[in-house]
Amino acid sequence: MDVLQALFSDYTLRTVALGAATLGVVSGSLGTFAVLRGQSLLGDAISHAALPGIAVAFLLTSSKAPLVLVLGAALAGWLGTLAVMQITERSRIPFDAALGLVLSVFFGFGMMLLTVIQRLPNANQAGLDKFLFGQAAALLTADVVVMAVLGAVALLVMVLFWKEFKLLLFDPDYAASLGFPIRAIDVLLTTLLVIAIVIGLQTVGVVLMSAILIAPAAAARQWTDRLTLVVLLAAVFGALSGVAGAVLSATTQRLPTGPTIVLCATVLVVVSLLFAPNRGVVAGWWRTLRNRRVLRTAGVLEDLYTLALQHPDLHHGHAIGALRTMTARPASVEPSLQVLERRGWVEPKGEEAWALTDDGLVMARQLCGEKEEA
Amino acid sequence: MADRFAVDVADLTVAYRDQPVLWDVDLQVSEGVLMAIVGPNGAGKTTLIKAILGLVPTAAGRVLIYEAPVPRQRRRIAYVPQRGSVDWDFPTSVLDVVTMGTYGTLGWIKRPGKEEHARAREALAKVGMAGFADRQIAQLSGGQQQRVFLARALVQDADVYFMDEPFQGVDATTEKAIVTLLQNLREAGKTVLVVHHDLPTVPEYFDWVLLLNVRRIAAGPVAEVFTNENLRQTYGGRVPFEPQTVQPPQAVVSQPLTS
């Protein structure tokens with residue numbers, strides 16, 4: 001309750017929450033496109049590649065103005081993406097290796113520059129290392145304004161070119177056959193991804209930024225099969241984990257923001273993986289169990305039919321012991337018989353014996369008939 | 001329409017690195033022809049279609065569709081890619097995928113509306129999938145996926161169709177249904193080029209055939225070029241199939257599409 005109240009009254013906390021919500025919405029929705037395209041790790045390369053951009057921007061301008069740093073990050077992130085694309089296209093190095101290469105080289109260079117900057121006799125240099133793991137508490141209104149404006153532009157472009165992006169994601173060759181310049185659309189989409197990443201860097205940090213792109217999308221995909229809903233849900237998930245993580249870390253001593261946000265997103269992913277209908281693990285178990293039960297019950301009905309065929313009277317009762325010898329899971333015979341009795345397909349005949357009813361006979365013939373056809 | 005070719009390819013050459021995949025291919029197809037493209041694996045059948053459509057870079061050659069370069073004729077061309085070329089777990093519905101066929105005429109930014117969806121439903125009905133519009137594509141069988149791709153191409157209402165293995169992995173009923181569909185397209189004066197794998201059905205389904213193995217081995221009416229000698233040349237001596245003595249292409253019993 002105190003935190004909720006503080007969220008509305010405390011200036012710092014409100015700024016932090018707003019910033020985190022913005023980055024969550026933007027990276028959640030745009031991350032969905034990257035994930036559906038099978039390019040989840042491109043985000044990781046972009047965010048790591050952004051680090052030297054931040055450092056260089058600071059070295060050149062001695063300014064820590066959010067717009068300057070974000071611009072540097074975006075340019076470097078862009079360069080990194082370009083490098084990945086060029087390496088993949090012009091050499092035999094595969095996409096994932098190119099990603100790893102660019103990621104580590106750019107990140108290493110960025111770390112080196114950060115060390116250089118820390119040795120500078122300049123009081124202003126402190127704080128750049130927050131870009132490594134993120135620091136929500138350091139968010140200022142000026143930062144949030146830059147984030148919101150860039151994010152709004154990115155989302156607007158996403159909505160405008162929705163149709164083109166969907167086509168590119170699902171079937172790029174077909175898109176090209178229709179005359180759409182897929183390379184240009186690809187560049188546009190990647191640019192949006194770069195924007196989504198750079199507006200989250202200060203809060204989440206370059207190391208874990210890709211998680212906030214991937215996790216909300218992965219969680220959202222579990223719940224729905226409609227692209228619009230996946231993107232919306234990913235935006236909501238992104239905002240939720242962003243705000244929860246940022247507020248937690250801002251109100252707790254020594255809790256790094258990036259990792260906290262990522263942990264919050266992870267909770268959403270785990271819950272979604274386990275409990276989503278259809279795609280969830282639990283739903284899968286439930287289906288398997290139910291199928292097994294149905295199959296076992298059908299098996300008992302068939303066995304009873306097989307036994308009945310050996311008698312002139314098809315409604316002759318058969319000992320449950322005989323049925324037990326006919327299956328690999330004797331213990332399941334009795335519950336199966338009870339299910340069949342509830343359906344009116346079998347009836348007890350004296351002690352420990354069961355017989356088919358008329359309805360049961362029809363069912364059993366259908367079952368066996370189907371098998372012969374197949 | 002003696003000299004008016006729907007598809008006119010000259011000297012088309014495609015190379016991946018130093019390896020030629022297509023070498024100096026010439027091909028002229030008249031309007032209203034239903035043509036099979038056959039050849040062994042790696043013969044460049046898919047590459048030929050992609051090169052014609054401008055989807056892969058070409059080293060040399062020229063492609064004309066109705067006497068104009070492909071980029072100017074996009075509205076008259078429809079492409080059915082291989083079914084396996086997309087992720088069928090993509091979160092979208094059958095109607096959505098078929099509606100993509102309208103994107104070309106729709107242009108940038110504009111969204112498909114009632115009219116586009118109506119056209120998509122019409123095309124779905126033509127392939128016997130009217131009841132599947134709201135299904136998620138992940139729930140489709142192979143044959144149904146193929147029909148969805150065909151419907152998407154039909155929506156385009158093009159003049160020239162390029163289809164990459166539309167019979168791959170479909171059951172006998174669907175195969176017959178697709179053949180009927182192709183023949184209906186031909187009756188409507190459309191030109192259809194189909195990458196095909198099943199040699200025995202070539203004389204039955206198609207009127208023209210292109211025998212391809214990196215180079216063009218032969219192309220023309222099935223009765224003339226679908227010969228043992230040409231097949232042997234195409235398949236490097238190991239002919240997987242002996243064609244009957246030349247026979248005119250038979251009409252296939254028309255069968256309505258059923259789902």
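Please read these numbers as outputs of a predicted model, since none were measured by experiment. Each chain gets a letter, A, B and so on, in the order its sequence line appears, and its residues count up from 1. No hydrogens, no waters, no symmetry mates; every other heavy atom, side chains included, goes into these values.
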Looking at B/Leu55, B/Leu106, B/Asp87, which one has more heavy-atom pairs under 4.5 Å with chain A than the rest? B/Leu55
Are there over 12 heavy-atom neighbours, none belonging to B/Arg72, within less than 6.0 Å of that residue's CZ? no
Result for side-chain contact (heavy atoms from CB on, under 4.5 Å) between A/Ser47 and one of A/Leu208, A/Ile197, A/Leu213 points to A/Ile197
Between B/Tyr103 and A/Glu164, a side-chain donor and acceptor under 3.5 Å: no
Please flag which part of B/Phe162 lies under 4.5 Å from any non-hydrogen atom of chain A: side chain, backbone, both or neither. neither
Value for CG (A/Leu233) from CH2 (A/Trp223), rounded to nearest 0.5 Å, stands at 8.5 Å
So what's closer than 4.5 Å to chain B heavy atoms on A/Phe180: side chain, backbone, both or neither? side chain
Donor-acceptor side-chain pairing of B/Thr174 and B/Asp171 below 3.5 angstrom: yes
Given B/Ile137, B/Val70, B/Asp96, B/Thr105, the one with more heavy-atom pairs under 4.5 angstrom with chain A than any other is B/Asp96
Select one option (side chain, backbone, both, neither) describing which atoms of A/Phe161 are under 4.5 Å from chain B's heavy atoms. side chain
Non-hydrogen atoms of chain B under 4.5 Å away: do they reach the side chain of A/Arg279, the backbone, both or neither? side chain
Crowded around A/Arg183 CZ? As in, over 12 foreign heavy atoms under 6.0 Å? no
Between A/Asp173 and B/Lys50 (salt bridge meaning N to carboxylate O under 4.0 Å), is one present in this structure? yes
Between A/Met147 and A/Val26, is a side-chain contact (heavy atoms from CB on, under 4.5 Å) present by the stated rule, with each step listed? CA-CA 9 Å; A/Met147 288 165 78; A/Val26 178; over 6 Å; no
Between A/Leu229, A/Thr224, A/Leu169, A/Val230, the one whose heavy-atom pairs under 4.5 Å with chain B are most numerous: A/Leu169
Return yes when atom CH2 of A/Trp286 has more than 12 non-hydrogen atoms of other residues, nucleotides or ligands closer than 6.0 Å, and no otherwise. no
Using heavy-atom distances under 4.5 Å, tell me whether B/Val56 contacts chain A through its side chain, its backbone, both, or neither. neither
What part of A/Arg92 gets closer than 4.5 Å to chain B, counting heavy atoms only: side chain, backbone, both or neither? both
Could you tell me which residues in residues 74-83 of chain B have at least one non-hydrogen atom under 4.5 Å from a non-hydrogen atom of chain A, sorted by residue number? B/Arg74, B/Arg75, B/Tyr79, B/Pro81
Could you grab the distance from atom CG of B/Leu193 to atom CG of B/Leu48, nearest 0.5 Å is fine? 8.0 Å
Worked check of side-chain contact (heavy atoms from CB on, under 4.5 Å) between A/Leu178 and B/Gln156: CA-CA 9 Å; A/Leu178 289 178; B/Gln156 290 179 249; 3.3 Å; yes
Using non-hydrogen atoms only, which part of B/Ile109 is less than 4.5 Å away from chain A: side chain, backbone, both, or neither? both
